[in-house]
Novice: 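Below: one structure in structure tokens.
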Amino acid sequence: MSRQILIAGNWKMNKGAAEGAQLIKDLKAQFGECPCCSCGQKPEVLVCPPFTTLSAVIAETAGSCLEVGAQNVHWAEKGAYTGEISAAMLKETGVTYVIIGHSERRQYFGETDATVNQRLLAALKAGLKVIVCVGETLKEREEGVTIAVIERQVRGALANVDATAMKDVVIAYEPVWAIGTGKVATEAQAQEVHQCIRALLKKLYECPCVADNTRILYGGSMNAANAAGLLAQPDIDGGLIGGAALKPADFATIIKAAFAQMNA
Ligand code: 13P
């Protein structure tokens, strides 16, 4: 498999600047120097702290292989959007990634497929890489419409994104019922949806390279105990991790599972 595994921590609204810098120190301590100092094929490792923690974390990760991302971005370049942050502002901080369309944004802040698409286009235009989140609710799974919902969300998010731009797009499948609940999707459930997303990419883009190269992460109660099994699935190319990313030893175990999978 040529896709590089991506292990991304979404800190959500946790850790101020001092605590965030300490978390990075503790994470690096798990590896001696940093995760990249191990031999062999390396996964990409990313942490996504809150906006106000970004600069402290960027300073603390300098010189290591850890990358830093934000958790949201506005689509306008500037203007009267109180409380929002533009892609250029993010880029200026030094982040390389931004998470877009997380289910918590959709659920609590009125994010729609259309605004997810607008944010995504603005982030790509500014030279940021994006992790766009999709996922069904428990009700939707029980009603048997999981695949239809995922297809609608992926199509909506990727409207007007051409094949070339897709090199900077990562998709995260995060079933809403598995987020923060401890109820992880089974390996088979996750693999089934990931395979459908890849099949949809084949339909959406003429060049098969898009489906072959786009990384699709799993998120939702991924932890030190279940990561290896999930990462072993053929269409799961990494994880978007909430709770376990706040625990250095657990996050390090997940990163090590990614190393093992890449060098298996
Ligand atoms: P948990 O790993 O805490 O379930 O959160 C997943 C998530 O929402 C990552 O974006």
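Sequence positions, counted from 1, serve as the residue numbers for this chain. Computed from a prediction, not measured in an experiment: that's the story for all the values here. Only this structure's heavy atoms are used, side chains among them; waters, hydrogens and symmetry mates stay out.
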Novice: Quick one: do L90 and L54 satisfy side-chain contact (heavy atoms from CB on, under 4.5 Å)? Show the steps, please.
Specialist: CA-CA 9 Å; L90 285 184; L54 287 174; 4.2 Å; yes
Novice: Side chains of R106 and V116: closer than 4.5 Å at any heavy-atom pair?
Specialist: yes
Novice: If you take all heavy atoms of F51 and A70, which pair is closest and at what distance?
Specialist: CE2-CB, 4.0 Å
Novice: With side chains defined as the heavy atoms from C-beta onward, is the minimum distance between C65 and V45 less than 4.5 Å?
Specialist: no
Novice: Could you tell me the separation between the CD1 atom of I7 and the CG atom of L66, rounded to the nearest 0.5 Å?
Specialist: 12.5 Å
Novice: Give a yes or no on whether I99 and I241 share a hydrophobic cluster (residues Ile, Leu, Val, Met, Phe, Trp, Tyr; joining criterion: side-chain heavy atoms under 4.5 Å apart).
Specialist: no
Novice: Could you check if a side-chain atom of K28 sits within less than 4.5 angstrom of a side-chain atom of E60, using non-hydrogen atoms only?
Specialist: yes
Novice: Which is it for E136 and W177 under the side-chain contact (heavy atoms from CB on, under 4.5 Å) test, yes or no, and what are the steps along the way?
Specialist: CA-CA 8 Å; E136 83 286 3; W177 48 271; 2.8 Å; yes
Novice: Using a 4.5 Å cut-off on heavy atoms from C-beta on, say whether the side chain of D237 contacts that of I5.
Specialist: no
Novice: Side chains of L231 and Y218: does their closest heavy-atom pair fall under 4.5 Å?
Specialist: no
Novice: Answer with yes or no whether the hydrophobic clustering places L158 together with I216; edges join I, L, V, M, F, W, Y residues whose side-chain heavy atoms lie under 4.5 Å apart.
Specialist: yes
Novice: Suppose the criterion is disulfide bond (SG atoms under 2.5 Å apart): which pairs have a residue in residues 201-264, not counting sequence neighbours?
Specialist: C207-C209
Novice: Consider only side-chain N and O atoms of H102 and Q71, and report whether a donor and an acceptor are under 3.5 Å apart.
Specialist: no
Novice: With distance as the sole test, does T61 use its side chain to make a donor-acceptor pair with the main-chain N or O of S64 at under 3.5 Å?
Specialist: no
Novice: So, applying side-chain hydrogen bond (donor to acceptor under 3.5 Å, both in side chains) with D113, which one of R152, Q118, Q153, R155 is it?
Specialist: R152
Novice: Of the options V184, L230, L240, which is the one that meets M222 in a side chain to side chain contact (heavy atoms under 4.5 Å, CB included)?
Specialist: L230
Novice: How far apart are the closest heavy atoms of I58 and G94, and which atoms are they?
Specialist: CD1-C, 4.0 Å
Novice: Using the rule given for side-chain contact (heavy atoms from CB on, under 4.5 Å), can you reason through M262 versus Q4, listing the C-alpha separation, both sets of side-chain angles and the distance that settles it, and then say yes or no?
Specialist: CA-CA 8 Å; M262 288 194 74; Q4 185 187 21; 3.9 Å; yes
Novice: Would you check if the side chain of R141 reaches a backbone N or O of T146 as a donor-acceptor pair within less than 3.5 Å?
Specialist: no
Novice: Determine the minimum heavy-atom distance between F259 and Q41, stating which atoms define it.
Specialist: CD2-O, 3.4 Å
Novice: Counting C-beta onward and ignoring hydrogens, is there a side-chain heavy-atom pair between N223 and D250 closer than 4.5 Å?
Specialist: no
Novice: Give a yes-or-no answer on whether the side chains of T115 and E111 include a donor-acceptor pair shorter than 3.5 Å.
Specialist: yes
Novice: With side-chain contact (heavy atoms from CB on, under 4.5 Å) as the test, would you mind laying out the steps for D168 and L128 before giving the verdict?
Specialist: CA-CA 7 Å; D168 291 328; L128 292 167; over 6 Å; no
Novice: Rounded to the nearest 0.5 Å, how far apart are CD of E140 and CD of E143?
Specialist: 7.0 Å
Novice: Would you indicate whether E77, at its atom CD, is surrounded by more than 12 heavy atoms from other residues, nucleotides or ligands within a distance under 6.0 Å?
Specialist: no
Novice: Return the minimal non-hydrogen interatomic distance between P49 and V68, and the atom names on each side.
Specialist: CD-CG1, 3.9 Å
Novice: Is it true that V169 and L46 fall in one hydrophobic cluster, defined by side-chain heavy atoms closer than 4.5 Å?
Specialist: no
Novice: Knowing that exactly one of R198, R215, Q195, H194 qualifies, which makes a side-chain hydrogen bond (donor to acceptor under 3.5 Å, both in side chains) with D235?
Specialist: R198
Novice: Does any part of the side chain of L138, heavy atoms only, come nearer than 4.5 Å to the side chain of V176, both counted from C-beta?
Specialist: no
Novice: Compute whether any side-chain donor of one residue and acceptor of the other, for Q30 and D26, lie under 3.5 angstrom apart.
Specialist: no
Novice: Answer yes if Y173 and Y97 sit in the same cluster of Ile, Leu, Val, Met, Phe, Trp and Tyr residues linked by side chain heavy atoms under 4.5 Å apart, and no otherwise.
Specialist: no
Novice: To the closest 0.5 Å, what do you measure between CD1 (I131) and CG (L6)?
Specialist: 5.0 Å
Novice: Looking at CD1 of I197 and CD of E151, how far apart are the two atoms once the value is rounded to the nearest 0.5 Å?
Specialist: 9.5 Å
Novice: Rounded to the nearest 0.5 Å, how far does CD1 of I179 lie from SG of C133?
Specialist: 7.5 Å
Novice: Same cluster or not: are V170 and V132 linked, directly or through other Ile, Leu, Val, Met, Phe, Trp or Tyr residues, by side-chain heavy atoms under 4.5 angstrom apart?
Specialist: no
Novice: Could you tell me which non-hydrogen atom of S221 sits nearest to which non-hydrogen atom of K183, and how far apart they are?
Specialist: OG-N, 3.6 Å
Novice: Side chains of L23 and V47, heavy atoms from C-beta outward: is any pair under 4.5 Å?
Specialist: no
Novice: Looking at NE2 of H74 and CD1 of I85, how far apart are the two atoms once the value is rounded to the nearest 0.5 Å?
Specialist: 11.0 Å
Novice: At their closest point, which heavy atom of L27 faces which heavy atom of A252, and how far apart are they?
Specialist: CD1-N, 4.1 Å
